[in-house]
Amino acid sequence: MIGIFDSGFGGLTTLKELLKYMPENDYIYLGDSARAPYGNRSMKTIIEYTEQCVDFLFSRGASIVLLACNTASSDALRFLQKKYATDEQNKKVLGVLIPAVEKALETSRYGRIGLVATRGTVEAKNYDIELAKRKHLFSSSEKKAQKEPTLSSQSCPLLVPLIEEGWIKKPETKSILKKYILPLKTHNIDTLILGCTHYPLLEKQFAKKMGKNCTIINSGKAQAEKFVLYLNNHPEIKKNLSSKKTIHFFTTDCPERFKHLGQKFLGRGIGEVEKVSF
Ligand code: DGL
């Protein structure tokens, strides 16, 4: 089974993308809604919560876990990869930052990349670190391109609650989005990473405000695309993934709320949801 972890419902946008590429597989999803949002929490807390949730997914039969949550990937991925590195069952944990950065570098024409994310993700600076390690992936034939790609980041702490309230089309959300985007526009960004599970729900609004010369990268979509390539390069992992088209949903909060809100993120109805406590 493929395990997917998110702080709440947002990771369902990643599951939605995965199901497009790999509809046959079995999935187990855990959203830690009772303790969400993670975006403004300390790194220590995020590591502690993410570890509990990932342990749970492995204990329920996942053979590989994807951290759909950008904040958890940013703060806890390295810790978890070290933790499981010596595991006999060869448990694997993959994050969302590297796929998003790779996709942005492959896409960008001028090397002026932007990031919008939670405060936790932006402040951890791991997007900057992963981008610096992979700058060789950027090759542009454009005359105006910079030699080195750059990353301009903007945290958008008000967007997650607005999206969860369903305020996607409200004028208040539009004007807050405009304020967040303004500094990025001064940097003439040509590629914008949506570095938060919730932001794909505002993808059209981001695209409209950034203008037609800016390409939007949905980090969950990039994670799904790169995961398919990863499995092709790792047939030993791929062959252990079961494929009976099942999806098990778990939440740490109210299952009814998860079902209700989750369907907006997944883009389809959600069956049974089980509650789990830590
Ligand atoms: N899932 C989080 C992320 O992608 C957003 C919600 C939260 O702050 O918990 O960063």
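Indexing begins at 1, ligand by ligand and atom by atom, following the structure's order. Quick note: residue numbers are just sequence positions, from 1.
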Heavy-atom proximity to atom 10 (O) of ligand 1, best of L194, T71, V122
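The nearest heavy atom belongs to T71.
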
As an exercise, identify every atom of ligand 1 less than 4.0 angstrom from a heavy atom of [X].
| X | result |
| --- | --- |
| Y38 | 7 (C), 8 (O), 9 (O) |
| G39 | 7 (C), 8 (O), 9 (O) |
| D6 | 1 (N) |
| S7 | 1 (N), 2 (C), 6 (C), 7 (C), 9 (O) |

Parallel, tilted or perpendicular: which describes the rings of [X] and [Y], with under 30° parallel and over 60° perpendicular?
| X | Y | answer |
| --- | --- | --- |
| F258 | F9 | tilted |
| Y38 | F5 | tilted |
| H234 | Y230 | tilted |

Side chain, backbone, both or neither: the part of T118 lying under 4.0 Å from ligand 1 by heavy atom:
side chain

With rounding to the nearest 0.5 Å, note down the distance linking CG in L15 to CZ in F249.
5.5 Å

Test: K221 and E203 ion pair at under 4.0 Å:
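No salt bridge links K221 with E203.
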
Presence of salt bridge, K82 and E51, under 4.0 angstrom:
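K82 and E51: not salt-bridged.
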
I'd like to know if C196 contacts ligand 1, where contact means a heavy-atom distance under 4.0 Å to any ligand atom.
yes

I'd like to check whether H198 has a polar contact with ligand 1, where a contact means an N/O of the residue lying under 3.5 Å from an N/O of the ligand.
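No: no nitrogen or oxygen of H198 is under 3.5 Å from one in ligand 1.
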
